2 protein chains.
Amino acid sequence: MQRPFMHPSVDAITLEGILYALADPVRLQIVRRIRDGSCAMNCSEAAPEKMAKSTQSHHFQVLREAGLIRSERRGVEVINSLRCDEIGVKFPGLVPTILTAAEQRNGSHKPE
Amino acid sequence: MQRPFMHPSVDAITLEGILYALADPVRLQIVRRIRDGSCAMNCSEAAPEKMAKSTQSHHFQVLREAGLIRSERRGVEVINSLRCDEIGVKFPGLVPTILTAAEQRNGSHKPE
DNA sequence: TCAATAGTTCAATAGCATCGAACTACAATG
DNA sequence: CATTGTAGTTCGATGCTATTGAACTATTGA
């Protein structure tokens with residue numbers, strides 16, 4: 001059916017939703033990758049490789065519905081960008097603090 | 001069997017564990033209550049009333065294993081206190097930022 | 001010792017996550 | 001315009017986790 005993407009308004013974004021979305025290691029990694037990328041990123045780029053596409057799609061849906069990312073169709077692909085600024089209005093420092101903490105964990109995620 | 005409580009060392013505390021634990025509204029509320037209480041708090045005090053005791057027990061176990069709370073038997077009850085300071089060493093500002101954001105959400109306690 | 005209180009453990013069920021398969025939508029080429 | 005390829009979505013099934021009531025342990029007080 002390919003319905004258009006639903007993005008919550010800033011008002012509709014909840015702390016529970018954000019924490020729930022970022023509590024999953026895969027989704028946290030996706031957000032980190034989008035943040036680290038120089039520009040908006042398509043789904044396959046941002047998600048782990050070995051994962052089923054349907055699972056990817058599900059994770060992006062959760063991130064979208066939590067208000068963490070904005071997804072837009074750009075031709076054949078979907079590009080995703082963070083909504084950090086918008087979230088920052090409602091929850092100051094929340095996402096940056098979490099992402100900074102994520103860096104602490106693995107030392108900035110150096111591949112080897 | 002009533003085995004002794006297991007608390008992870010600060011090193012063993014992970015961001016995923018913290019986010020996972022706090023992603024649940026019930027557990028977030030428990031942590032907020034303990035934080036807001038003047039002193040350490042027993043389980044029944046900190047948890048929602050209508051909840052089954054087994055579920056309470058489970059939630060406290062998750063919080064404990066995430067490293068968010070410290071539980072100690074004090075007579076017939078178990079008192080719980082936050083490990084904010086210890087967590088702050090590894091993840092500076094993380095828990096305070098989340099709890100502050102939780103206040104934003106409902107205006108601390110205004111229903112409408 | 002008996003009853004009450006505070007939590008824990010266990011087994012069963014209910015709800016969510018993951019996956020493969022089939023599908024849609026767009027782009028590029030013949 | 002049909003064909004092929006690419007990027008995601010949707011769906012149905014299965015497998016893991018959350019919640020619960022019931023039975024249990026441990027401590028306190030009468």
Side-chain angles (χ1 to χ4, degrees), chain A residues 1-8 14 16-31 33-34 37 39-66 68-81, chain B residues 1-8 14 16-31 33-34 37 39-66 68-81:
Chain A
M1 224 116 261
Q2 216 80 334
R3 336 182 219 289
F5 294 128
M6 294 298 294
H7 296 94
T14 67
E16 287 94 339
I18 290 176
L19 294 181
Y20 173 78
L22 293 182
D24 184 292
V26 171
R27 289 193 290 261
L28 182 61
Q29 193 187 8
I30 289 173
V31 169
R33 284 206 204 176
I34 295 176
C39 59
M41 190 173 284
N42 70 5
C43 297
S44 302
E45 190 90 9
E49 290 206 354
K50 35 131 200 176
M51 169 163 295
K53 292 214 166 187
S54 49
T55 310
Q56 271 182 31
S57 197
H58 167 70
H59 284 314
F60 279 93
Q61 185 183 14
V62 171
L63 290 171
R64 209 158 40 230
E65 291 176 350
L68 277 161
I69 64 171
R70 183 173 296 281
S71 304
E72 293 165 283
R73 289 183 206 286
R74 188 71 55 97
V76 74
E77 61 194 5
V78 174
I79 58 159
N80 303 280
S81 51
Chain B
M1 224 118 260
Q2 217 78 334
R3 335 183 219 289
F5 294 127
M6 294 299 294
H7 296 94
T14 67
E16 287 94 338
I18 291 176
L19 294 180
Y20 173 79
L22 294 182
D24 184 289
V26 170
R27 290 193 289 262
L28 182 61
Q29 194 187 8
I30 290 173
V31 169
R33 284 205 204 179
I34 296 175
C39 60
M41 190 174 284
N42 71 5
C43 296
S44 302
E45 190 90 9
E49 289 206 352
K50 36 136 199 177
M51 169 163 292
K53 292 213 166 188
S54 48
T55 310
Q56 270 182 32
S57 198
H58 167 70
H59 284 314
F60 280 93
Q61 186 183 13
V62 171
L63 289 171
R64 209 159 40 230
E65 291 176 352
L68 276 161
I69 63 172
R70 184 173 297 282
S71 304
E72 295 164 283
R73 291 183 205 286
R74 187 72 52 97
V76 75
E77 61 193 4
V78 174
I79 59 159
N80 303 279
S81 51

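Just so we're on the same page: letters track the sequence lines, and every chain starts at 1. From a predicted model like this one, the values you see are computed outputs, not experimental measurements.
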What is the distance from [atom1] of [X] to [atom2] of [N], rounded to the nearest Å?
X	N	atom1	atom2	value
A:Glu45	D:dT6	CD	C1'	14 Å
A:Asp24	C:dC16	CG	P	15 Å
B:Glu72	C:dG7	CD	P	14 Å
A:Met6	D:dT10	CE	P	13 Å
A:Arg73	D:dG8	CZ	C1'	7 Å
A:Phe5	C:dT24	CZ	C1'	12 Å
B:Arg74	C:dG7	CZ	C1'	16 Å
A:Ile69	D:dG8	CD1	P	11 Å

[options]: which one has an atom nearest the side-chain heavy atoms of [X]?
X	options	result
B:Ser57	D:dT9, C:dT8, D:dT19	C:dT8
A:Val76	C:dC26, D:dG8, C:dT8	C:dC26
B:Glu77	C:dG7, C:dT8, D:dT19	C:dG7
B:His58	D:dT9, D:dT19, C:dG7	D:dT19
A:Thr55	D:dT9, C:dC19, C:dG7	C:dC19

Quick one: on DNA chain C, does B:Asn80 or A:His59 contact a more 5' nucleotide (nearest heavy atom)?
B:Asn80

Report the residues that fulfil side-chain contact (heavy atoms from CB on, under 4.5 Å) with A:Gln56, sequence neighbours left out, ordered by chain and then residue number.
A:Cys43, A:Ser44, A:Ala47, A:Met51

Would a 4.5 Å heavy-atom cut-off, applied to side chains only, mark [X] and [Y] as touching?
X	Y	value
B:Phe5	B:Arg70	no
A:Ser71	A:Ile69	yes
B:Glu65	B:Pro8	no
A:Leu22	A:Arg27	no
B:Thr55	B:His59	yes

So what is the 5' to 3' dot-bracket string for DNA chain C, if pairs are Watson-Crick or G-U wobble with both distances under 3.5 Å, crossing pairs use [ ] and | means the partner sits on another strand?
||||||||||||||||||||||||||||||

When you measure from the side-chain N and O atoms of A:Ser54 to the phosphate of C:dT18, is any distance below 4.0 Å, counting only OP1 and OP2?
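It does not, given that no N or O in the side chain of A:Ser54 lies less than 4.0 Å from OP1 or OP2 of C:dT18.
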
A:Arg33: what forms a salt bridge (Lys or Arg N to Asp or Glu O under 4.0 Å) with it, not counting sequence neighbours?
none

